[in-house]
Amino acid sequence: MASAFDSGVLVPSRTAYAKRISSHLAAALVTFALLQIFIIAKTGGSLVLHLGIIIAIGGFAMAARALEHRWVMLDQGGLPTAGLALRFRRDLIQLWGASIFGALLWIPVAIIYRALFG
């Protein structure tokens with residue numbers, strides 16, 4: 001632990017961002033799945049909409065895995081920590097935005113499905 005300190009200031013390790021993004025990805029995936037299930041359950045979704053949830057969660061998981069792999073590669077690269085911090089914050093905003101707003105896209109889909117197929 002002594003190597004993490006530089007003149008009394010805590011310096012994040014190179015692998016800190018990959019581990020942190022992995023934790024955020026797991027939480028965002030759970031949030032995405034729970035929001036979708038809750039929205040479809042409240043709108044009286046049919047089997048077709050539930051199958052759509054499975055496909056959407058699978059797609060989100062594949063995109064999350066690609067983002068996690070990207071951060072493992074960035075941590076192994078030689079970028080300065082300040083550059084990684086800016087990219088990390090940007091990716092977190094995009095990740096949580098996609099997690100929350102992507103799940104909310106089921107509301108108009110469920111309304112249109114219900115209007116067309118009763």
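Below, each value reflects all heavy atoms present in this structure, side chains not excepted, and no hydrogens, waters or symmetry copies.
- Clustering of Ile, Leu, Val, Met, Phe, Trp and Tyr side chains at separations under 4.5 Å places V30 together with L34.
- Atoms CG and CG, from L51 and L47 in turn, are 4.5 Å apart once rounded to the nearest 0.5 Å.
- Under the 4.5 Å side-chain heavy-atom criterion for Ile, Leu, Val, Met, Phe, Trp and Tyr, V109 and V48 are members of the same hydrophobic cluster.
- The OG atom of S99 sits 11.5 Å away from the CG atom of L92 when rounded to the nearest 0.5 Å.
- Cluster annotation: I111 is connected to L116 through the hydrophobic network of ILVMFWY side chains, with a link wherever side-chain heavy atoms come within less than 4.5 Å.
- Listed by first then second residue, pairs satisfying ring-ring contact (aromatic ring centres under 6.0 Å, His included) with a partner in residues 28-58 read F32-F60, not counting sequence neighbours.
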Give the C-alpha distance, both sets of side-chain angles, the deciding distance and a yes or no for side-chain contact (heavy atoms from CB on, under 4.5 Å) between H24 and F88.
CA-CA 11 Å; H24 279 280; F88 182 78; 4.2 Å; yes

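- Remark: T43 engages no residue in a side chain to side chain donor-acceptor pair (under 3.5 Å) (not counting sequence neighbours).
- Sorted by first then second residue, the salt bridge (charged side-chain N to carboxylate O under 4.0 Å, His left out) pairs that include residues 77-97, not counting sequence neighbours, are R70-D91.
- Residues passing the side chain to side chain contact (heavy atoms under 4.5 Å, CB included) test with M62, sequence neighbours excluded: none.
- Within the 4.5 Å cutoff, the side chain of Q76 has no heavy atoms near those of the W71 side chain.
- A heavy-atom distance below 4.5 Å is found between the side chains of T31 and W96.
- Separating the OH atom in Y17 from the CG atom in L84 is a distance of 6.0 Å, to the nearest 0.5 Å.
- Not a single ring pair (Phe, Tyr, Trp, His ring centres under 6.0 Å) links F101 to another residue, sequence neighbours left out.
- Using a 4.5 Å heavy-atom cutoff, the side chains of I21 and V72 are not in contact.
- Annotation: the span from L35 atom CG to I107 atom CD1 amounts to 9.0 Å, rounded to 0.5 Å.
- Screening residues 50-65 for salt bridge (charged side-chain N to carboxylate O under 4.0 Å, His left out), with sequence neighbours left out, gives R65-E68.
- For Y113, the ring pair (Phe, Tyr, Trp, His ring centres under 6.0 Å) test picks out F117, with sequence neighbours left out.
- Atom CD1 of I40 is separated from atom OG of S46 by 8.0 Å, given to the nearest 0.5 angstrom.
- Of the residues L105, I57, L104, L49, the one that meets the side-chain contact (heavy atoms from CB on, under 4.5 Å) test with Q36 is I57.
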